[in-house]
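Worksheet: the structure to be examined is printed underneath.
Naming convention: chains lettered A, B, ... in sequence-line order (proteins, then strands); numbering from 1 in each chain. Worth knowing before you read on, the calculation uses all heavy atoms, side chains too, and leaves out hydrogens, waters and symmetry mates.
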Amino acid sequence: MIFRASQLFLPTLRDDPADADAVSHKLLVRGGFIRQVSAGLWTFMPLGWRVHRKVEQIVREEMDAIGGQEILMPLLTPIELWETTGRANAANFAFRVEGHPYLLAPTHEETVTFHAREIQSYKQLPQLWYHFSVKDREEPRPRGGLLRVREFIMKDGYSFDRDDEGVKRSFEANREAYKKIFARCELEAYDVQAESGVMGGKFSVDFLAPSGSGENVLVRCENGDYAADGDIAQAVPHVPTFPETLVSAEEVVTPGITTCESLADFLGIDVAATSKAMPVTKPDGSVVLALVRGDDRLSEMKLYDALPGASRPSTDEEIRAAFGASGGSLGPVGFSGEVIADETLRDGQFVAGANKDGVHLRGVQAGRDFTPRFADLREPKEGDRCPLDGGHLNFQTAVEVGHIFNFGSFYSKPLEATFLDEDGQEKPLLGGSYGIGPGRVMAAIVEQHNDDNGIVWPASVAPYDVHVVALPGAEEIAEQAAEALSALGKDVLLDDRDQRAGEKFADADLIGCPMRITAGKKSLEDGKVDVRDRATGEERRLSVADLGKEAW
RNA sequence: CGGGGCGUAGCUCAGCCUGGUAGAGCGCUCGCUUUGGGAGCGAGAGGUCGUCGGUUCGGAUCCGGCCGCCCCGACCA
C-alpha cells in the first residue's frame with residue numbers, strides 16, 4: 001500500500017524534546033511515533049502504532065506456534081478475585097476504581113484462573129491462553145519514555161498443566177518462543193534467572209535487552225556461557241592480598257577512621273583484606289550483622305534472600321545498644337546477635353571493627369573468632385570473573401523486555417481451579433505466566449538500533465518497508481516507483497510533501513525505514529532512482545522496472 | 001516517599017540576580033525567488049509568563065502555598 005506523507009499525521013521534530021534523556025525516548029518523540037499525555041501515559045501516534053502492531057504480530061505468531069490461543073480479558077477486575085488470592089492488600093501498585101469493587105488490572109492471573117475453573121479433566125491439559133491487553137500500574141516513578149510507564153499493552157500468556165513435567169515443558173516452550181520473538185525483532189536479549197520475587201518459583205526467567213538506559217544491570221561472561229541479572233549474579237571477585245597471618249586477633253588503634261578505604265590506607269593493606277559491617281534490624285526488633293568484604297557493597301536483594309522478612313538498616317541508637325560502638329567501628333567479634341557473612345569472608349584473616357570507637361581488630365578469622373552463617377551477599381562489580389569459567393564479566397545497563405515464571409497452585413488453590421487427574425484425584429491446576437511488553441520492546445529496539453541521524457528499524461518491525469522521497473520535478477517517477485513496490489506487497493511511505501530535499505532526507509533518516517528511494521532531477525534524465533540502505537548508507541541506482549526484480 | 005532540576009509562543013530557549021507591563025531561533029500563514037541533505041527576502045498570526053496568594057504605585061522577575069514535568073535514589077507481579 002502507498003501512504004502519502006502529505007496526508008499523514010506525522011509530526012516530526014527538529015529538536016530533542018527538553019524532558020527526554022533516553023535515546024529511545026528522544027527519537028520516538030522526534031520521529032512522531034509517540035506523544036506524552038501525562039507522566040507514564042503515552043499515545044501511540046499513527047507511525048508508532050504501526051510499529052507496535054508489527055511487534056504484536058510477531059509475538060502473536062510465535063505464541064500461536066506453540067499452541068497458544070488468543071483471548072481477551074477485561075481491564076476491570078473484581079477486587080473479590082484478588083481478595084480470594086490474598087493479593088488485594090499487596091496490590092498497592094493497582095489503581096482502584098473509586099466507589100466500585102473493581103481495580104484496573106495490573107496483571108491477569110486472577111482473571112485467567114477464574115476461567116481455568118472450567119477445566120475439568122487432565123484430558124483437557126495442557127492449555128496456553130494469551131491476550132494483548134491494557135495493564136495499569138501505579139508506578140512510583142515512570143521514566144524514559146516507553147521504558148517505564150503506568151499504562152501499557154502487555155501480551156500476557158498463561159499456561160495450565162497437570163504436573164511438574166508439564167509445567168517444565170510449557171515453560172521451556174515459552175522460553176524458546178520468546179527467543180524467537182526477540183530474534184525476529186532483531187533485539188539482542190538474554191534470558192537470565194530472575195530475582196526471586198514474591199512468587200519465588202524456581203522457574204522465573206527475565207529477558208534482558210542491553211540498552212543505553214535501563215533499570216537492570218546485565219552481567220555477562222565474555223565467553224558467552226554466563227548471563228545474569230546484576231542483582232543476583234554470582235560473580236567471583238579477585239583474591240585479596242592478605243597481610244601476615246596472626247595466631248589471634250589483636251587490637252589496633254585507628255583514630256577517626258570509619259571507612260574501609262581509609263582503614264586500608266592507614267594500615268597499608270589491601271581494602272579487600274578488610275570487612276565491612278552492615279547492621280540490620282528485623283521486624284521483631286533484633287539486630288543482625290551482615291558482613292561483606294571491605295571492597296564490596298552489600299546487595300540488598302541477596303540479603304533479602306538470605307534473611308527473609310522486611311529488615312531495614314539499623315538506627316544509630318539500635319547500633320549503639322547492640323554493639324556498644326558507633327558505625328565505622330563495628331565488627332562480628334563479641335557481637336551476641338546473628339552474623340551473616342559473605343562467602344568471600346570464609347577463608348583468610350580480615351581487619352574488622354572492634355566494637356569500640358576508634359579501634360579495629362586485625363587478623364579476624366571466621367570460625368575461630370566468630371561463627372557466622374555464610375551466604376552470597378555481595379554486589380557483583382566490574383573486574384569480577386565468571387563463576388563458570390573465570391572469564392571477564394561485562395556489565396551493561398539493560399531493560400527487562402520479558403518475564404516468564406511459574407506460579408504453581410498459588411492462584412488455583414484459593415480460586416479452586418482444579419481438575420480430575422487420571423488417578424481419580426482432584427488436583428489444583430499448575431500455572432505459568434509469560435509476559436512481554438511490545439511498547440518496551442519497541443523502545444529497546446530503538447535503544448539498540450539508531451545512529452546520529454535517527455532510528456534504524458529492523459525490517460521486521462519498521463513502520464513502512466520503503467520510504468520514497470519525491471523531489472521537485474520527479475513526482476511522476478516517484479509515484480511509479482511507489483506503485484511498483486506496492487504491487488510487490490510493500491508498504492510504501494511516499495514523501496510527496498512540498499518540502500526541501502534536505503528536510504525530507506532528514507525525516508527519512510529519523511523515521512528509519514530500512515530502504516529509501518529518491519526520485520529527483522537525475523531521474524528525469526535516465527529514469528532511474530537512488531536506492532539507499534538506511535543501515536549501511538549504501539546507495540545504488542536502479543530503473544523503476546528493476547525495482548520489482550530486486551530481492552528485498 | 002527522600003534528594004536535585006525545571007515550568008515564558010507549536011518546539012528549543014533567552015529575559016528573572018538588579019521589579020517598569022514580553023523576546024530570539026525554528027515551526028506556522030500569505031507573496032515572490034529558490035529547490036539532491038533542515039533555503040532567501042518581504043509581510044503576518046501566535047503567549048492570562050503553570051497556578052493561587054502575599055509584598056509593591058507597579059510582579060515573568062521578590063516571598064509563600066499548591067500543581068505539573070524531568071533526573072537520581074527508594075520501590076518494582
Which atom pairs link the protein and nucleotides 27-36 of chain B when you take only N or O atoms and keep those under 3.5 Å?
{"residue": "B:U34", "atom": "O2", "partner": "A:Arg500", "partner atom": "NH1", "Å": "2.6"}
{"residue": "B:G36", "atom": "N7", "partner": "A:Lys521", "partner atom": "N", "Å": "3.2"}
{"residue": "B:G36", "atom": "O6", "partner": "A:Gly520", "partner atom": "N", "Å": "3.1"}
{"residue": "B:G36", "atom": "N1", "partner": "A:Asp530", "partner atom": "OD2", "Å": "2.6"}
{"residue": "B:G36", "atom": "N2", "partner": "A:Asp530", "partner atom": "OD2", "Å": "2.7"}

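- When rounded to the nearest whole Å, the span between CZ of A:Phe152 and C1' of B:A77 equals 10 Å.
- Distance A:Leu510 CG to B:G37 C1': 14 Å, rounded to the nearest Å.
- Nucleotides B:A45 and B:C57 have their C1' atoms positioned 35 Å apart, rounded to a whole Å.
- If you take atom C1' in B:U8 and the same atom in B:C76, they sit 37 Å apart, rounded to whole Å.
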Start with the C-alpha gap between A:Lys302 and A:Glu379, add the side-chain angles, then the distance that decides, and say whether salt bridge (Lys or Arg N to Asp or Glu O under 4.0 Å) holds.
CA-CA 8 Å; A:Lys302 289 180 178 178; A:Glu379 215 170 69; over 6 Å; no
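- Here A:Lys413 pairs with A:Ser409, A:Pro428 under the side-chain contact (heavy atoms from CB on, under 4.5 Å) rule; sequence neighbours left out.
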One pair to check against side chain to side chain donor-acceptor pair (under 3.5 Å): A:Ser159 and A:Tyr434. What are the steps and the verdict?
CA-CA 8 Å; A:Ser159 66; A:Tyr434 316 93; 2.7 Å; yes
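- Base pairing annotation: B:C75 forms no Watson-Crick or G-U wobble pair, as no partner gives both donor-acceptor distances under 3.5 Å.
- When each of A:Pro142 and A:Glu215 is assigned the nucleotide of RNA chain B bearing its nearest heavy atom, the one mapping closer to the 5' terminus is A:Pro142.
- Distance A:Asp229 CG to B:A77 P: 12 Å, rounded to the nearest Å.
- A gap of 9 Å separates the P atoms of B:C16 and B:C62, to the nearest Å.
- Looking only at atom types and distance, the side chain of A:Lys168 has no donor-acceptor partner in the side chain of A:Ser170 under 3.5 Å away.
- Taking the six-membered ring wherever Trp is involved, the centroid distance between the rings of A:Phe405 and A:Phe203 does not fall below 6.0 Å.
- The base of B:A77 is not paired with the side chain of A:Arg87 by any donor and acceptor separated by under 3.5 Å.
- Rounded to a whole angstrom, the distance from the P atom of B:G44 to that of B:G25 is 15 Å.
- For the pair A:Asn216 CG and B:C75 P, the computed distance is 13 Å after rounding to whole Å.
- Nearest-nucleotide positions on RNA chain B place A:Arg532 closer to the 5' end than the other of A:Arg532 and A:Met154.
- Atom pair A:Trp82:CH2 and B:A77:C1' shows a separation of 7 Å (rounding to whole Å applied).
- Nucleotides B:U48 and B:G65, compared at atom P, are 27 Å apart to the nearest Å.
- Taking 4.5 Å as the limit, every side-chain heavy atom of A:Tyr411 sits out of range of all side-chain heavy atoms of A:Thr84.
- Listed by first then second residue, pairs satisfying salt bridge (Lys or Arg N to Asp or Glu O under 4.0 Å) with a partner in residues 141-154 of chain A read A:Glu138-A:Arg150, A:Glu139-A:Arg148, A:Arg143-A:Glu215, A:Arg148-A:Glu215, not counting sequence neighbours.
- Within residues 32-45 of chain A, the residues having any heavy atom under 4.0 Å from RNA chain B are, by residue number, A:Gln36, A:Ser38, A:Ala39.
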Report each atom pair, protein N/O against N/O of nucleotides 6-9 of chain B, whose distance is under 3.5 angstrom.
none

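- Shown here are the side-chain contact (heavy atoms from CB on, under 4.5 Å) partners of A:His115, two or more places apart in sequence or in another chain: A:Met73, A:Thr111, A:Trp129.
- Base pairing analysis places B:U55 opposite nothing; no Watson-Crick or G-U wobble pair with both distances below 3.5 Å involves it.
- With sequence neighbours excluded, no residue forms a side-chain hydrogen bond (donor to acceptor under 3.5 Å, both in side chains) with A:Asp533.
- Listed by residue number, the members of residues 143-151 of chain A with any heavy atom below 4.0 angstrom from RNA chain B are A:Arg143, A:Gly144, A:Arg148.
- When both distances must be under 3.5 Å, the Watson-Crick or G-U wobble mate of B:C32 is B:G40.
- Counting to the nearest Å, the P atom of B:C70 and the CD atom of A:Glu139 are 13 Å from each other.
- Contacts of A:Ala228 classified as side-chain contact (heavy atoms from CB on, under 4.5 Å), with partners at least two apart in sequence or in another chain: A:Tyr226, A:Ala233.
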Take A:His403 and A:Ser204 through the side chain to side chain donor-acceptor pair (under 3.5 Å) test and state the conclusion after the steps.
CA-CA 7 Å; A:His403 184 194; A:Ser204 181; 3.0 Å; yes
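- One atom, CG of A:Asp156, and another, P of B:A77, lie 15 Å apart when rounded to the nearest Å.
- Under 3.5 Å, the side chains of A:Thr281 and A:Ser314 contain a donor-acceptor pair of N or O atoms.
- For B:A74, the OP1/OP2 oxygens have no side-chain nitrogen or oxygen of A:Arg141 closer than 4.0 Å.
- B:G47 and B:U55: their P atoms are spaced 30 Å apart (whole Å).
- You'll find that the side chain of A:Asp15 is closest to B:U12, out of B:U12, B:A74, B:C70.
- Taking the P atoms as reference points, B:C49 lies 10 Å from B:A22, given to the whole Å.
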Side-chain donor-acceptor distances from residues 499-509 of chain A under 3.5 Å, at least two apart:
{"residue": "A:Lys504", "atom": "NZ", "partner": "A:Ala470", "partner atom": "O", "Å": "2.7"}
{"residue": "A:Lys504", "atom": "NZ", "partner": "A:Asp495", "partner atom": "O", "Å": "3.2"}
{"residue": "A:Lys504", "atom": "NZ", "partner": "A:Arg497", "partner atom": "O", "Å": "2.7"}
{"residue": "A:Asp507", "atom": "OD1", "partner": "A:Thr12", "partner atom": "OG1", "Å": "3.0"}
{"residue": "A:Asp507", "atom": "OD2", "partner": "A:Thr12", "partner atom": "OG1", "Å": "3.3"}
{"residue": "A:Asp507", "atom": "OD2", "partner": "A:Arg497", "partner atom": "NH1", "Å": "3.3"}
{"residue": "A:Asp507", "atom": "OD2", "partner": "A:Arg497", "partner atom": "NH2", "Å": "3.0"}

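- Listed by chain and number, the residues in a side-chain contact (heavy atoms from CB on, under 4.5 Å) with A:Val217 are A:Val219, A:Phe395 (sequence neighbours excluded).
- Residue-level contact check: A:Pro17 touches the backbone only, with heavy atoms under 4.0 Å from sugar-phosphate atoms and none from bases.
- With C1' as the reference atom, B:G50 and B:A60 are 12 Å apart, rounded to whole Å.
- A:Trp457 and A:Phe33 have their aromatic ring centers within a separation under 6.0 angstrom.
- With a cut-off of 3.5 Å on both Watson-Crick or G-U wobble distances, the partner of B:G23 is given as B:C13.
- With a cut-off of 3.5 Å on both pairing distances, B:A45 has no Watson-Crick or G-U wobble partner at all.
- What separates CG of A:Asp16 from P of B:C26 is a distance of 18 Å, to the nearest Å.
- Note on residues 23-41 of chain A: pairs passing side chain to side chain donor-acceptor pair (under 3.5 Å), not counting sequence neighbours, are A:Ser24-A:Glu447.
- B:C66 and B:G50 make up a base pair, with Watson-Crick or G-U wobble contacts both under 3.5 Å.
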